[in-house]
Amino acid sequence: MRTSPELRRKLISVAAVSAALLTAAPASVAVAQEAASRQAAVPAAQTEAAPGIQAERLIVGYKSGATEAKSNKAAAADAESKAEKTGEDIDFQRRLGTGAALVELGTHPTRASVADVVAQYKADPQVAYVVPDRLNKPTAVTPNDTEYSKQWDLFESTAGMNVPGAWDTTTGSGVTVAVIDTGYVTHSDLAANIVGGYDFISDTAVSVDGNGRDSNPADPGDWYNDNECGQGIAASGSSWHGTHVAGTIAAATNNGKGVAGIAHGAKISPVRVLGKCGGYDSDIIDAITWASGGTVSGVPANTNVAKVINMSLGGGGACSSATQSAINGAVNRGTSVVVAAGNENQNVSNASPANCNNVIAVAATNRAGSRASYSNYGSLVDIAAPGGETRTSTANGILSTLNSGTKTPSSENYAYYQGTSMATPHVAGLAALMKSANSALTPAQIESAIKANARALPGTCSGGCGAGLADAAKTVQAVKGGTSTGTTFSSTTAVAIPDNGAAIESPISVTGRSGNAPSALQVGVDITHTYRGDLVIDLVAPDGSTYRLKSAASDSADNVNTTYTVNASSEVANGTWKLRVQDTAAQDTGTLNGWKLTF
């Protein structure tokens with residue numbers, strides 16, 4: 001029994017509430033994730049509605065012993081009483097799930113009038129807290145990157161890929177994309193998302209870096225002189241092609257500079273196969289195998305296995321059995337392979353590896369949403385994405401990270417390119433978003449969902465552009481949390497929860513899973529407790545990362561018997577997960593009866 005209602009003064013701190021809102025998952029995800037170290041409660045009645053705040057509604061938490069804490073009639077009468085004292089309109093609206101009362105302050109109250117009402121509630125000894133009912137808006141929709149306004153391919157309604165609409169669900173965290181290309185030249189707008197890769201070029205005449213295969217995928221430049229790459233082929237400066245592709249996928253975003261990446265929460269593993277005059281099938285085959293987690297003789301095991309491979313490359317002819325075998329191996333290991341359709345304005349059936357099976361072949365569209373004049377086409381194209389077309393304006397190309405060096409690396413910069421090479425990373429980035437949103441997706445499911453959720457080309461496509469223009473927001477929404485197996489791991493071992501004491505932990509060992517946990521991990525909790533407002537509950541992942549399930553609050557109801565939903569897609573599924581429970585106030589004890597995880 002409680003000796004004094006004064007002991008029950010509780011509320012969530014401003015810092016904890018603000019942090020939860022800033023890091024909250026989308027509306028369909030029920031858990032706001034907070035750092036475990038944040039203070040969950042303070043022991044005295046306070047107000048978060050400081051004088052001068054603008055608000056049209058207030059949330060009032062009454063102490064557990066107050067009549068207003070249980071009776072809507074009493075809460076309404078209290079609102080009328082305070083309206084008489086302040087001369088303001090104050091109407092009781094409803095009871096929240098926590099037991100707090102929601103009151104409305106009439107039409108367009110002034111800051112001064114809000115302050116008067118707050119002061120009246122704060123002075124009431126039966127009130128534990130009063131806070132504004134704040135209006136929250138979607139986060140991360142418009143990045144602050146300085147060149148973002150030029151990235152029409154991400155957001156324009158006519159022919160953009162509707163990428164910002166996917167970012168409230170996922171930014172690609174927990175997924176590595178292998179960019180099998182020219183390697184990577186250092187760029188500050190991309191560096192934070194680069195992880196280890198490999199240089200697979202075995203011929204030193206092609207590699208131009210003075211050696212054969214090694215663990216350094218740095219791009220030294222792929223320039224060549226007149227006729228060096230074949231009679232009649234004119235000289236060309238270094239392209240820094242792989243860096244441009246990588247920036248489209250995962251350039252750092254909301255960092256106040258440069259461009260935004262489609263899956264900017266993902267990581268890029270640069271895998272170098274293209275050098276002076278191109279690259280050999282044999283090196284590309286080994287790169288596909290290694291990037292997807294396969295074994296390549298003489299090459300160390302890959303510690304950054306990719307679930308998406310981007311290949312903005314190709315040559316003429318049929319898909320070889322050797323290349324098809326490598327692609328099949330990657331897909332069987334759970335890696336999606338996204339390939340450029342080619343830039344010859346011909347049927348893709350003549351372009352390899354886009355004409356291989358088990359790949360997502362990507363055609364390019366221009367800013368009007370028509371097939372770009374250079375893009376390959378045909379029945380083997382799976383999907384179209386923005387690739388740009390710069391004939392009328394450079395700004396109609398795809399802007400991404402680059403280097404100003406004409407031969408060897410110089411200063412970093414940004415540049416517009418066009419090509420199916422630019423369209424492909426749009427789809428690879430989308431695949432990374434999908435895999436992050438739902439780690440259980442297979443390559444076949446990813447391809448199917450991209451096609452099923454495409455929209456009709458706003459322009460024209462002679463020859464065939466697959467299912468249409470990829471739509472990131474619609475596709476991610478369709479797959480998030482959608483194909484989990486429903487496998488449940490549980491603990492039925494009861495653990496006592498000490499009164500106002502140290503946190504207790506209950507472990508569950510998860511085995512036999514592949515990859516990461518789902519974006520909609522279900523956490524079922526069964527706790528007996530006589531004042532659940534005292535409890536703070538956290539889910540602890542195998543690597544120690546902590547997800548706040550429940551904070552302490554002014555909630556006098558008994559027990560916690562519910563299921564929380566957690567976006568755990570950045571966590572490896574296998575390992576020991578823990579439920580951590582702490583009673584943060586005196587005079588009540590409880591028991592964790594059991595809990596479960598459903599994947």
Side-chain angles (χ1 to χ4, degrees), residues 23-34 166-177 263 265-267 293 305-308 331 333-336 429-450 452-453 472-491 506-525 537-550 562-580 595-599:
T23 60
S28 60
V29 179
V31 180
Q33 301 168 12
E34 309 166 24
W167 285 338
D168 275 341
T169 300
T170 177
T171 61
S173 62
V175 179
T176 296
V177 180
K267 300 300 182 185
V305 174
K307 288 304 177 185
V308 181
V331 171
R333 285 185 286 272
T335 300
S336 295
L430 172 54
L433 293 175
M434 297 166 68
K435 191 69 174 177
S436 177
N438 187 343
S439 62
L441 291 172
T442 66
Q445 289 169 333
I446 287 174
E447 178 179 344
S448 177
I450 290 173
N453 292 284
K474 184 179 179 183
T475 306
V476 168
Q477 182 66 32
V479 303
K480 64 177 183 177
T483 57
S484 110
T485 64
T487 303
T488 298
F489 300 83
S490 61
S491 171
S506 173
I508 288 177
S509 179
V510 174
T511 60
R513 305 293 300 174
S514 61
N516 287 6
S519 59
L521 178 64
Q522 303 296 298
V523 186
V525 178
I537 307 174
D538 294 307
L539 176 68
V540 184
D543 68 354
S545 298
T546 305
Y547 297 83
R548 178 59 49 89
L549 304 180
K550 179 188 177 300
T562 190
T563 298
Y564 300 95
T565 302
V566 176
N567 182 355
S569 58
S570 63
E571 306 293 342
V572 173
N574 287 337
T576 300
W577 296 74
K578 298 176 183 178
L579 191 74
R580 181 182 294 160
W595 68 290
K596 61 185 179 180
L597 293 170
T598 301
F599 288 79

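These figures come from a predicted structure and were not determined experimentally. Keep in mind that the numbers below use all heavy atoms, side chains included, and drop hydrogens, waters and symmetry copies.
Looking at N567, its side chain does come within 3.5 Å of a backbone N or O of S569 through a donor-acceptor pair. With S436 contributing its side chain and V175 its backbone, the two residues share no donor-acceptor pair below 3.5 Å. Using a distance-only test at 3.5 Å, with no hydrogens or angles considered, no donor-acceptor pair links the side chain of S570 to the main chain of S173. The backbone N or O of G524 lies less than 3.5 Å from no partner atom in the side chain of T563, so there is not a single donor-acceptor pair. Distance alone, capped at 3.5 Å, places no donor-acceptor pair between the K435 side chain and the K307 backbone. Although no hydrogens or angles enter the test, the distance criterion places a donor-acceptor pair under 3.5 Å between the side chain of Q445 and the main chain of T442. Formation of a donor-acceptor pair under 3.5 Å by the N438 side chain with backbone atoms of V479 is found in this model.
Shortest non-hydrogen contact noted between I446 and S336 is CD1-OG, 3.5 Å. Listed here is the closest heavy atom pair of V523 and W595: CG1-CE3, 4.1 Å. Considering all non-hydrogen atoms of both residues, G334 and P443 come closest at C-CG, 3.6 Å. Heavy atoms only, all atoms of each residue included: T169 and K480 are closest at CG2-CD, 3.8 Å. Closest heavy-atom contact between A473 and A166: CB-N, 3.8 Å. The two residues G174 and N516 have their closest heavy-atom pair at O-ND2, 3.4 Å.
Residues V331 and T335 are not in side-chain contact: their nearest non-hydrogen atoms beyond the backbone lie 4.5 Å or more apart. Put simply, the side chain of P542 reaches to within 4.5 Å of the side chain of W577, judged on heavy atoms. Taking the side chain as every heavy atom from C-beta outward, Q522 and T565 approach each other to under 4.5 Å. Side-chain contact check for V476 versus T170: some heavy-atom pair is nearer than 4.5 Å. Residues E571 and S545 are in side-chain contact: their nearest non-hydrogen atoms beyond the backbone lie under 4.5 Å apart.
Heavy atoms from other residues, nucleotides or ligands lying under 6.0 Å from NZ of K578 number 12 at most.
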Checklist entry - Do T598 and T488 pass the side chain to side chain donor-acceptor pair (under 3.5 Å) test, and can you show the C-alpha distance, the side-chain angles, and the key distance before you say yes or no? => result CA-CA 4 Å; T598 301; T488 298; 3.0 Å; yes
Next on the checklist: Determine whether R580 and T546 satisfy the following criterion, side-chain contact (heavy atoms from CB on, under 4.5 Å), listing intermediate values before the conclusion.
Outcome noted: CA-CA 9 Å; R580 181 182 294 160; T546 305; 4.2 Å; yes
Checklist entry - Does the side-chain contact (heavy atoms from CB on, under 4.5 Å) test come out yes or no for L597 and L539, once each step is laid out? => result CA-CA 10 Å; L597 293 170; L539 176 68; 4.1 Å; yes
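Note that CD1 of I508 is 6.0 Å distant from OG of S490, once rounded to the nearest 0.5 Å. Rounded to the nearest 0.5 angstrom, L521 CG and Y547 OH are separated by 9.5 Å. Interatomic distance, CE of M434 versus CD of Q477, reported as 12.5 Å (0.5 Å rounding).
Just one of D538, T562, L579 meets the side chain to side chain contact (heavy atoms under 4.5 Å, CB included) condition when paired with L549; it is L579.
Checked against the 6.0 Å centroid threshold, F489 and F599 count as a close aromatic pair.
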